[in-house]
Amino acid sequence: AFKVFMRVLEKALEQLPSTVPLVISNKYGGAAALRQTGEVYIDPVALFQEFGGLRDIDFSNSSHQKYVSASLQRIINEEFAHIASFSSIPQNVFDEVVNGMTDADYEYIISTYFSASKKRREKSRAKLNSNNQKVVKNEKEYLVEEFLRQQYQDKEGGFTTEDSYILLKG
């Protein structure tokens with residue numbers, strides 16, 4: 001099944017623009033855009049495990065392969081959107097948003113963004129409570145960026161990636 005998934009992932013990647021550096025690595029798990037470098041990281045094993053955890057996904061079924069391919073393109077396009085956001089929102093404005101949010105605001109983001117994973121909610125809260133201010137700042141920036149993406153998706157399409165995941169996870 002992993003070999004089939006990798007062929008589907010390769011086809012999905014072929015459809016994407018080459019303007020953003022794409023790095024295949026397990027450094028961040030799943031897919032991640034980095035504000036500091038403008039790179040998008042893809043972890044094929046983590047993505048395979050995410051899709052393998054969805055109900056009724058059969059990698060040998062061509063219709064399912066098309067669904068997975070379209071979903072992978074959407075995931076990677078989301079990361080490209082983060083890169084665009086990083087480029088379009090001036091750092092000082094972004095910092096004002098990050099610093100202007102309350103603990104309750106961050107708790108709301110954690111509860112919606114990580115709604116399907118208690119472990120990830122706990123990990124995010126631990127980062128926010130870290131004694132290392134760089135860890136806290138990075139987590140707050142990450143949460144704000146994901147919140148902005150969720151708000152855009154909800155307004156644009158009526159649902160978020162997290163909503164889709166919960167529906168498919170069943």
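Since we're looking at a predicted model, the values are computed, not measured.
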> Under a 4.5 Å cut-off applied to non-hydrogen side-chain atoms, are K140 and M101 in contact?
no
> Looking only at heavy atoms, what is the nearest atom pair of D58 and S60, with distance?
OD1-OG, 2.7 Å
> Minimum heavy-atom separation for R121 and A116, please, with both atom names.
NH1-N, 4.2 Å
> Would you say the side chain of R74 lies within less than 4.5 Å of the side chain of Q153, judging by non-hydrogen atoms?
yes
> Shortest non-hydrogen contact from L72 to A12?
CB-CB, 4.0 Å
> When you compare the side chain of I24 with that of P44, does any pair of heavy atoms fall below 4.5 Å?
yes
> Does N132 have more than 12 heavy atoms from other residues, nucleotides or ligands lying within 6.0 Å of its CG?
yes
> Any side-chain to backbone donor/acceptor pair from S85 onto A81? Under 3.5 Å, distance only.
no
> Report yes if some heavy atom in the side chain of Y106 is under 4.5 Å from a heavy atom in the side chain of T102; otherwise report no.
no
> Which atoms form the tightest heavy-atom contact between G30 and A46, and what is the distance?
N-CB, 3.2 Å
> Rounded to the nearest 0.5 Å, what's the gap from CD on Q65 to CZ on F51? Could you check?
12.5 Å
> Testing the basics here: between I83 and A33, what is the closest heavy-atom pair and its distance to 0.1 Å?
CD1-CB, 3.8 Å
> Going hydrophobic residue to hydrophobic residue with side-chain gaps under 4.5 angstrom, can you get from M6 over to I75?
yes
> State, yes or no, whether a side-chain contact exists between L128 and L143 at a heavy-atom distance under 4.5 Å.
yes
> Out of curiosity, R149 CZ to E79 CD, how far, rounded to the nearest 0.5 Å?
8.0 Å
> Are Y113 and Y108 close enough that a side-chain donor and a side-chain acceptor fall under 3.5 Å?
no
> Checking F59 against F48 for the ring pair (Phe, Tyr, Trp, His ring centres under 6.0 Å) test, could you report, in this order, the C-alpha distance in whole Å, the side-chain angles of both residues, the deciding distance, and whether it holds?
CA-CA 10 Å; F59 288 109; F48 172 74; 5.3 Å; yes
> Kindly work out whether a path of hydrophobic side-chain contacts (I/L/V/M/F/W/Y, heavy atoms less than 4.5 Å apart) joins L148 to I109.
yes
> Under a 4.0 Å threshold between the charged nitrogen and the carboxylate oxygen, would E122 count as salt-bridged to R125?
no
> Say you draw a straight line from OH of Y67 to OG of S62; how long is it, rounded to the nearest 0.5 Å?
15.5 Å
> So, taking the atom named CD in E14 and the one named OG in S69, what distance separates them when rounded to the nearest 0.5 Å?
9.5 Å
> Can you hop from F80 to L9 via hydrophobic side chains spaced under 4.5 Å?
yes
> Let me check something: do F86 and V97 share a hydrophobic cluster, defined by ILVMFWY side-chain heavy atoms less than 4.5 Å apart, either directly or through other members?
no
> Taking only Lys NZ, Arg NE, NH1 and NH2, and the carboxylate oxygens of Asp or Glu, determine whether K137 and E141 approach each other closer than 4.0 Å.
yes
> Within the supplied structure, the quantity of interest is the number of heavy atoms (other residues, nucleotides, ligands) at a distance under 6.0 Å from F2 CZ; does it exceed 12?
yes
> May I have the step-by-step check of side chain to side chain contact (heavy atoms under 4.5 Å, CB included) for L22 and L13, ending in yes or no?
CA-CA 9 Å; L22 191 63; L13 293 175; 3.5 Å; yes
> Contact between V23 and V40 at the side-chain level, heavy atoms closer than 4.5 Å - yes or no?
no
> What distance separates E107 CD from T112 OG1, expressed to the nearest 0.5 Å?
10.0 Å
> Residues two or more places apart in sequence or in another chain: which of them pass salt bridge (Lys or Arg N to Asp or Glu O under 4.0 Å) with E139?
K127
> Can Q91 and D95 be counted as having a side-chain donor-acceptor contact under 3.5 angstrom?
yes
> Is V98 reachable from V93 through a run of I, L, V, M, F, W or Y residues, each pair having side-chain heavy atoms under 4.5 Å apart?
yes
> How long is the span from the CD atom in E78 to the CD atom in E146, to the nearest 0.5 Å?
7.5 Å
> Taking all heavy atoms of A31 and all of I42, pick out the closest pair and write down the distance.
CB-CD1, 3.9 Å
> Do the side chains of V45 and N26 get nearer than 4.5 Å, heavy atoms only?
no
> Just so I know, are the side chains of F5 and V68 near enough to count as touching, which here means a heavy-atom distance under 4.5 Å?
yes
> Compute whether any side-chain donor of one residue and acceptor of the other, for E39 and Y41, lie under 3.5 angstrom apart.
yes
